[in-house]
Amino acid sequence: MTNLRYHTRGLDDLYIPIPFLFVTSRMRDEIAAERQLIIDLAQSATKVRQLELLSRYDPCVSADAFNSVLHLFEVDRQD
């Protein structure tokens, strides 16, 4: 697998999301694309476990929180 930026390989050969406090919209999209690659390349025996592991961390929630903080401080963002 190519070098991943947002996931690390665990001891059980599943990919673990790297947690970020804040996620920009661009990061959210990149994380989603990386997750799709992980799922597409996962063997059928581990695909269900991999999906369960990835579902524990939703990058959309972090992206929404980041955008809310920016809005709170009236910071204009251009992605």
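Numbers here are sequence positions counted from 1.
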*Checking side chain to side chain contact (heavy atoms under 4.5 Å, CB included) against R28, which of V23, D58, V61 comes through?*
V23

*For the side chain of E34 and the backbone of L4, is there at least one donor-acceptor N/O pair under 3.5 Å apart?*
no

*What class does the angle between the rings of F20 and Y6 fall in, given that below 30° is parallel, 30 to 60° is tilted and above 60° is perpendicular?*
perpendicular

*Does L21 belong to the same Ile/Leu/Val/Met/Phe/Trp/Tyr cluster as I18, with side-chain heavy atoms less than 4.5 Å apart forming each link?*
no

*asked:* Side-chain heavy atoms nearer than 4.5 Å, only ILVMFWY residues, links allowed to pass through others: does that put Y15 and V48 together?
replied: no

*Using a side-chain heavy atom cutoff under 4.5 Å and only I, L, V, M, F, W and Y, what cluster partners does I16 have?*
L14, L53

*Can you measure from CG (D64) to NE2 (H71) and round to the nearest 0.5 angstrom?*
13.0 Å

*What pairs of residues pass the salt bridge (Lys or Arg N to Asp or Glu O under 4.0 Å) test when at least one of them lies in residues 43-52, not counting sequence neighbours?*
D12-R49

Without placing hydrogens or testing angles, list every side-chain donor-acceptor pair under 3.5 Å for residues 35-43, not counting sequence neighbours.
unit_1 : atom_1 : unit_2 : atom_2 : d
R35    : NE     : H7     : NE2    : 3.4
R35    : NH1    : L54    : O      : 2.9
R35    : NH1    : Y57    : O      : 3.0
R35    : NH2    : Y57    : O      : 2.8
Q36    : NE2    : D40    : OD1    : 2.8

